[in-house]
2 protein chains.
Amino acid sequence: MTAHPGFPSASSLTEHQEARRRRILAASTALARRGGFGAVQMREVAESADVALGTLYRYFPSKVHLLVATMYDQLERLHETLHRHPPKEPEPAARVAVTLMRAFRALQREPNLAEAMLRAFTFADRSAGAEVDAVSRLTTEIILDAVGARDAPMPKRLSAVRVIAHTWHSELIGWLSGRISIEQVQEDIETVCNLITTETISDVRR
Amino acid sequence: MTAHPGFPSASSLTEHQEARRRRILAASTALARRGGFGAVQMREVAESADVALGTLYRYFPSKVHLLVATMYDQLERLHETLHRHPPKEPEPAARVAVTLMRAFRALQREPNLAEAMLRAFTFADRSAGAEVDAVSRLTTEIILDAVGARDAPMPKRLSAVRVIAHTWHSELIGWLSGRISIEQVQEDIETVCNLITTETISDVRR
DNA sequence: GGCATCATTGAAACTTGTTCCAGAATATCG
DNA sequence: CGATATTCTGGAACAAGTTTCAATGATGCC
């Protein structure tokens with residue numbers, strides 16, 4: 001009775017199982033790309049990945065789990081890309097802002113996929129806690145990479161990074177629902193990235 | 001062919017209709033309080049509010065609409081309360097932080113209700129755009145009230161306020177899913193509220 | 001090879017959000 | 001008041017996520 005086998009990058013799966021997992025994620029991604037959250041229908045994912053519905057549910061215990069895993073998968077690719085082409089701005093805050101805007105534009109090109117992943121991510125409840133945590137950690141890592149400090153960051157910096165990550169998600173969702181313009185996204189990302197610069201300046205606690 | 005009659009504070013409804021709207025919101029609130037998002041089942045809301053299912057859907061075209069309207073309703077109460085007991089800290093950023101933490105603690109006492117409202121809010125798509133906007137505006141207003149400046153805020157301040165509002169939502173969700181501790185919430189809220197102080201200090205744009 | 005265990009399949013059933021509709025109730029207008 | 005339009009009701013029907021299960025297949029162990 002192992003935990004469901006669909007999580008992060010599989011721990012101990014046979015080749016066939018690993019292949020199934022990949023097929024499922026690929027199907028999920030393709031359907032999401034085509035029509036967003038609503039188009040990722042479990043029956044269709046199963047059929048398209050050529051597994052039985054029950055098997056799909058054994059690998060990913062819910063649609064949210066599946067889409068959050070898909071998000072993790074996509075974020076890994078993004079992380080790779082960013083690694084190969086790191087931002088070159090002199091200021092850390094600027095590097096973070098540029099990185100996030102680059103990621104943002106990448107997702108802009110796949111709005112349906114982005115919508116599916118992010119809706120699932122923010123809708124997730126406790127039951128998908130582990131998966132959501134994994135995505136959060138990866139996001140944090142991406143931001144910390146952009147900041148560039150090599151040693152372990154201080155608590156205040158971590159707080160700033162959390163806030164930045166949350167903001168990035170919110171802006172993405174806001175833009176996807178047509179509630180925030182790209183200019184506002186840009187502005188807000190820059191605003192929040194200033195936290196990297198000013199994180200040690202003042203303390204609101206009295 | 002009017003728009004659905006369940007939106008913000010009713011425009012032109014008969015007394016009976018207004019009463020129905022209230023009953024529905026009350027039922028939604030009660031069910032959410034008891035068991036969160038999942039416990040707000042449309043059939044139960046309808047029965048509990050003593051209206052037919054079709055009528056419920058005429059007033060609120062989806063579960064998300066209903067819960068976002070519920071959120072608006074609750075936020076109005078919060079706004080009132082805050083108005084009666086405004087924060088007295090000298091620093092604007094501190095006033096905002098204190099206000100948000102106070103609101104946070106209020107919702108902590110009704111975690112199920114908070115979960116239901118916030119899951120719906122972040123899950124909402126374009127179709128609930130108007131409702132979501134209304135909630136966003138109200139949130140903005142609450143924060144601006146805490147800042148205290150009487151005249152129209154500058155764009156940069158508005159950007160900071162948007163970021164603060166998003167952060168507040170994310171922290172709430174994170175805490176509700178057991179992913180963020182209260183200490184972290186407190187810390188992150190304080191972190192992001194510094195944007196009110198530092199919003200004009202630097203600009204990351206090169 | 002044969003057996004025990006676990007995974008996969010296919011299909012039906014169940015749950016809950018959502019839609020639809022025909023008829024009863026209510027409101028509006030002349 | 002009567003005619004007409006709108007709203008409300010009760011209930012069936014539909015859609016998609018999720019659960020369940022018996023039968024079949026694969027894997028590994030002796």
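Each chain gets a letter, A, B and so on, in the order the sequences are listed, and its residues count up from 1.
Along DNA chain C, the nucleotide nearest A/Gly54 and the nucleotide nearest A/Arg43 are compared for position; the residue whose nucleotide lies closer to the 5' end is A/Gly54. Closest-nucleotide positions on DNA chain C for A/Leu53 and A/Leu56 were compared, and the one nearer the 5' end corresponds to A/Leu56.
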Hey, can you pull the donor-acceptor pairs under 3.5 Å for the side chains in residues 33-52 of chain B, sequence neighbours left out?
unit_1  : atom_1 : unit_2   : atom_2 : d
B/Arg33 : NE     : B/Glu110 : OE1    : 3.1
B/Arg33 : NE     : B/Glu110 : OE2    : 2.8
B/Arg33 : NH2    : B/Glu110 : OE2    : 3.3

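We find that CZ of B/Phe60 is positioned 12 Å from P of D/dC8, with the value rounded to whole Å. Taking atom CD of residue B/Gln41 and atom P of nucleotide C/dT18, one finds them 12 Å apart after rounding to whole Å. Atom CZ of B/Phe37 and atom P of C/dG17 are 8 Å apart (whole Å). If you measure from atom NE2 of A/His65 to atom P of D/dT19, you get 10 Å, rounded to the nearest angstrom. Counting to the nearest Å, the C1' atom of C/dT9 and the CD1 atom of A/Ile24 are 13 Å from each other. Residue B/Arg58 contributes atom CZ, which lies 13 Å from atom C1' of C/dC21 at whole-angstrom precision. Rounded to an integer number of Å, the gap from CG of B/Leu31 to P of C/dT16 is 13 Å. Straight-line distance from the CE atom of A/Met42 to the C1' atom of C/dC14: 16 Å, rounded to whole Å.
With sequence neighbours excluded, the residues that form a ring-ring contact (aromatic ring centres under 6.0 Å, His included) with B/His83 are B/His79. For the side chain to side chain contact (heavy atoms under 4.5 Å, CB included) test, no residue two or more places apart in sequence or in another chain qualifies with A/Arg126. By the side chain to side chain donor-acceptor pair (under 3.5 Å) test, B/Ser127 is found to be paired with B/Asp125, residues two or more places apart in sequence or in another chain being considered. By the side chain to side chain donor-acceptor pair (under 3.5 Å) test, A/Arg102 pairs with no residue at all, sequence neighbours left out.
Between A/His169 and A/Phe121, the ring-plane angle classifies as tilted under the 30° and 60° cut-offs.
Within residues 110-125 of chain A, no residue has any heavy atom under 4.0 Å from DNA chain C.
A/Val40 comes within 4.0 angstrom of sugar-phosphate atoms only, judged by non-hydrogen atoms across all strands, and of no base. Note on B/Arg20: only backbone sugar-phosphate atoms sit closer than 4.0 angstrom, heavy atoms only; bases stay farther off.
A salt bridge between B/Asp145 and B/Arg95 is absent, with no side-chain N of the basic residue lying under 4.0 Å from a carboxylate O of the acidic one.
The B/Tyr59 side chain lies nearest to D/dC8 when the options are C/dG17, D/dC8, C/dA12.
Side-chain N/O atoms of A/Gln17 include none lying less than 4.0 angstrom from OP1 or OP2 on D/dA26. Contact annotation: A/Tyr57 does not reach the phosphate of C/dT8 (side-chain N/O to OP1 or OP2, under 4.0 Å).
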